[in-house]
Amino acid sequence: MTFNPVMFETTRSEVHQHFIEYERASQLYKQQDGVVVTAKNKILEHWYYELLILQSTKKYWEILMSDPSLNFRRQLCAKLYNLQRVNFEEELNLTSGAVSNLFNGSTMPKWPRPFQLSVFFNHPWQLINYGSPDPYSFQESPEYFEEKVSKKIPLSDLSNERTRVSSIRGYVIVDAQKLFPQESSVITGRWVTTYPEFDFFEFHLNSEPLVDNVLRADLLKFFPLAEDVITTYRPFKPSVKRALWVIIPKNKTLPSYAGMIHELKVFREYTEFHALK
């Protein structure tokens, strides 16, 4: 199968329509009302690559992730990153019952798992652990510096580390200034390997990097299999906080691969797309 632009646009329209229905229902009805429940279920029924469409619009995504239901927020993040039950069991060292409690009982797991969930979901730790989070806590990302949550690693080891990651894992990069000399503080990041289409390493930066030929060449030294890179917004973070994704294809024959790359390149807000090869 090949990428079908007409079908892609039809899918985008349907996804956006479901968001509009959700927003309208949330404004007019109580959370327990059947209309709201149905609207939420329509959102959660989408595939991860369709939820990526919703995340392209920063306002839409942050409205969804501000939903009063912690359970809904967690399910939404899990679906976005194509996370399966076994991923939580392995990476967070949880039993099957404990994973069920995360999504059915909205429980707060024992430390340091709340911070591990934040790394998994790529959202502020209070947002995915508290029913009523403090918005003032969203600006910083302390979770990566908690013991047992992230691994300290040099740039030279990141590429090989990818093969050891079965889902998502966080890192503190000890020498990231080699790539980003404008950064004055320690840089964090994470491997995301849950998509069948591509893997990506996400750097968390404090300013927009200049993606010139020098940076392209340096990125390829550390990620020789990478083909594209984007700089994009970070949900619920100040606009100066940026993410840089180094994208490594896994299966370019999937029509969803072309669709996801097209989405990132053409539609994702506050995003710059750059080819490395």
Side-chain angles (χ1 to χ4, degrees), residues 48-49 51-62 64-65 76-77 80-83 115 117-125 127-128 138-145 149-151 153 155 158-159 161-162 165 167-173 176-195 197-212 215-216 218-219 222-223 226-248 260-261 263-276:
Y48 57 89
Y49 48 80
L51 291 179
L52 193 67
I53 292 171
L54 279 178
Q55 202 186 42
S56 283
T57 305
K58 183 175 183 288
K59 177 182 176 181
Y60 286 4
W61 188 255
E62 293 189 351
L64 287 168
M65 284 301 297
L76 190 62
C77 286
L80 172 69
Y81 290 112
N82 196 32
L83 286 161
F115 277 6
L117 271 181
S118 178
V119 172
F120 245 39
F121 291 160
N122 199 37
H123 281 74
W125 76 274
L127 190 67
I128 45 87
F138 294 171
Q139 295 191 20
E140 302 302 328
S141 301
E143 57 272 9
Y144 283 85
F145 301 99
V149 173
S150 299
K151 177 180 179 180
I153 194 169
L155 286 167
L158 278 177
S159 182
E161 181 74 11
R162 170 178 167 238
V165 180
S167 56
I168 298 173
R169 192 169 296 171
Y171 301 90
V172 175
I173 302 104
Q177 279 74 20
K178 291 179 181 178
L179 277 177
F180 310 107
Q182 79 279 6
E183 297 288 335
S184 58
S185 57
V186 176
I187 300 302
T188 61
R190 54 186 206 133
W191 267 119
V192 178
T193 65
T194 47
Y195 295 145
E197 296 83 0
F198 58 76
D199 296 337
F200 68 94
F201 189 85
E202 176 180 27
F203 290 96
H204 303 141
L205 307 177
N206 295 305
S207 60
E208 179 73 24
L210 175 62
V211 185
D212 56 8
L215 181 56
R216 286 187 178 93
D218 287 342
L219 285 170
F222 294 111
F223 303 94
E227 292 195 4
D228 301 298
V229 63
I230 68 168
T231 58
T232 190
Y233 77 93
R234 296 182 64 194
F236 295 93
K237 299 295 184 185
S239 58
V240 296
K241 302 281 188 179
R242 302 289 285 166
L244 184 144
W245 298 9
V246 182
I247 300 172
I248 300 172
M260 292 172 78
I261 294 296
E263 182 67 34
L264 295 173
K265 186 176 183 178
V266 177
F267 293 107
R268 190 175 176 92
E269 291 183 338
Y270 310 105
T271 297
E272 296 292 333
F273 185 95
H274 307 271
L276 292 178

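Keep in mind that the numbers below use all heavy atoms, side chains included, and drop hydrogens, waters and symmetry copies. Start at 1 with the first residue, then count along the sequence. Since the structure is predicted, the reported quantities are computational estimates derived from the model, not experimental observations.
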Worksheet entry | Set of side chain to side chain donor-acceptor pair (under 3.5 Å) partners for Thr193, sequence neighbours left out | none

Worksheet item: Taking the inter-plane angle between the rings of His123 and Trp61 on a 0 to 90° scale, is it parallel (under 30°), tilted (30 to 60°) or perpendicular (over 60°)?
Response: tilted

Practice prompt. Report the distance from atom CG of Leu52 to atom CZ of Phe267, rounding to the nearest 0.5 Å.
Written response: 12.0 Å

Item to complete: Begin with the C-alpha distance, continue with both residues' side-chain angles, and end with the deciding distance and a verdict on salt bridge (charged side-chain N to carboxylate O under 4.0 Å, His left out) for Arg162 and Asp199.
Response: CA-CA 8 Å; Arg162 170 178 167 238; Asp199 296 337; 2.8 Å; yes

Discussion item. Which residues pass the side chain to side chain donor-acceptor pair (under 3.5 Å) test with Ser150, not counting sequence neighbours?
Written reply: none

Item to complete: Could you check Glu197 against Tyr49 for side-chain contact (heavy atoms from CB on, under 4.5 Å), going step by step and ending with a plain yes or no?
Response: CA-CA 10 Å; Glu197 296 83 0; Tyr49 48 80; 4.3 Å; yes

Item to complete: With sequence neighbours excluded, give me every salt bridge (Lys or Arg N to Asp or Glu O under 4.0 Å) pair touching residues 230-245.
Response: Glu208-Arg242

Worksheet item: Do Glu269 side-chain atoms and Gln55 backbone N/O form a donor-acceptor pair below 3.5 Å?
Response: no

Worksheet entry | Partner set under side chain to side chain donor-acceptor pair (under 3.5 Å) for Asp228, not counting sequence neighbours | none

Worksheet, complete the sentence: Value for CD1 (Ile173) from NZ (Lys178), rounded to nearest 0.5 Å, stands at 12.5 Å

Worksheet item: To the nearest 0.5 Å, how far apart are CG in Leu54 and CE in Met65?
Response: 12.5 Å

Worksheet entry | From CA spacing to verdict: side-chain contact (heavy atoms from CB on, under 4.5 Å), Phe180, Phe203 | CA-CA 10 Å; Phe180 310 107; Phe203 290 96; 3.8 Å; yes

Discussion item. Suppose we screen for side chain to side chain donor-acceptor pair (under 3.5 Å). Which residues come up paired with Glu161, at least two apart in sequence or across chains?
Written reply: Lys151, Arg164, Tyr171

Worksheet item: Rounded to the nearest 0.5 Å, what separation is found between the OH atom of Tyr195 and the CD1 atom of Ile248?
Response: 15.0 Å

Worksheet item: Leu219 versus Val229: any side-chain heavy-atom pair under 4.5 Å?
Response: yes

Worksheet, complete the sentence: With sequence neighbours left out, the residues meeting salt bridge (charged side-chain N to carboxylate O under 4.0 Å, His left out) with Glu202 are Arg190

Discussion item. The criterion is salt bridge (charged side-chain N to carboxylate O under 4.0 Å, His left out); which residues satisfy it with Glu263, sequence neighbours excluded?
Written reply: Arg12

Practice prompt. Can you sort out the partners of Lys265 under salt bridge (charged side-chain N to carboxylate O under 4.0 Å, His left out), two or more places apart, ordered by chain and number?
Written response: none

Fill in: Option passing side-chain contact (heavy atoms from CB on, under 4.5 Å) with Glu183 (candidates Val186, Leu179, Ile187)
Ile187

Discussion item. Tell me whether Tyr270 at atom OH has more than 12 heavy atoms from other residues, nucleotides or ligands lying less than 6.0 Å away.
Written reply: no

Practice prompt. Considering non-hydrogen atoms only, spot the tightest contact between Ser118 and Pro124 and give its length.
Written response: OG-C, 3.8 Å

Discussion item. Using every non-hydrogen atom in the two residues, find where Ser207 and Gln182 come nearest and quote the distance to one decimal.
Written reply: OG-CG, 3.5 Å

Discussion item. Measuring from atom OH of Tyr81 to atom CG of Leu76, what distance do you get when rounded to the nearest 0.5 angstrom?
Written reply: 10.5 Å

Practice prompt. Sequence neighbours left out, what passes ring-ring contact (aromatic ring centres under 6.0 Å, His included) with Phe145? Give chain and number order.
Written response: none

Response to the item:
Shortest non-hydrogen pair, Leu158 vs Phe201, comes out as CD2-CE1, 3.6 Å

Fill in: For Phe236, ring-ring contact (aromatic ring centres under 6.0 Å, His included) partners two or more places apart
Phe138

Worksheet item: Taking side chain as C-beta onward, heavy atoms only, is Asn122 less than 4.5 Å from Cys77?
Response: no

Discussion item. Under the criterion side-chain contact (heavy atoms from CB on, under 4.5 Å), I'd like the reasoning laid out for Asn206 against Val240: C-alpha separation, chi angles, the key distance, then a yes or no.
Written reply: CA-CA 6 Å; Asn206 295 305; Val240 296; over 6 Å; no

Worksheet entry | Listed partners of Tyr60 passing ring-ring contact (aromatic ring centres under 6.0 Å, His included), at least two apart | His16, Phe19

Practice prompt. Determine the minimum heavy-atom distance between Thr271 and Leu264, stating which atoms define it.
Written response: CG2-O, 3.8 Å

Worksheet item: Between Leu215 and Leu210, does a side-chain contact (heavy atoms from CB on, under 4.5 Å) hold up when you go through it step by step?
Response: CA-CA 8 Å; Leu215 181 56; Leu210 175 62; over 6 Å; no

Worksheet entry | Closest contact, heavy atoms only, Thr194 versus Ser167 | CG2-CA, 3.5 Å

Worksheet item: Phe200 versus Val246: any side-chain heavy-atom pair under 4.5 Å?
Response: no

Fill in: Interatomic distance, Ile247 atom CD1 to Glu227 atom CD [nearest 0.5 angstrom]
10.0 Å

Practice prompt. Would you name the heavy atoms of Leu80 and Leu51 that are closest together and state the gap between them?
Written response: N-CD1, 3.7 Å

Worksheet item: Of all residues at least two apart in sequence or in a different chain, which pass the ring-ring contact (aromatic ring centres under 6.0 Å, His included) check with Phe115?
Response: Trp111, Trp125

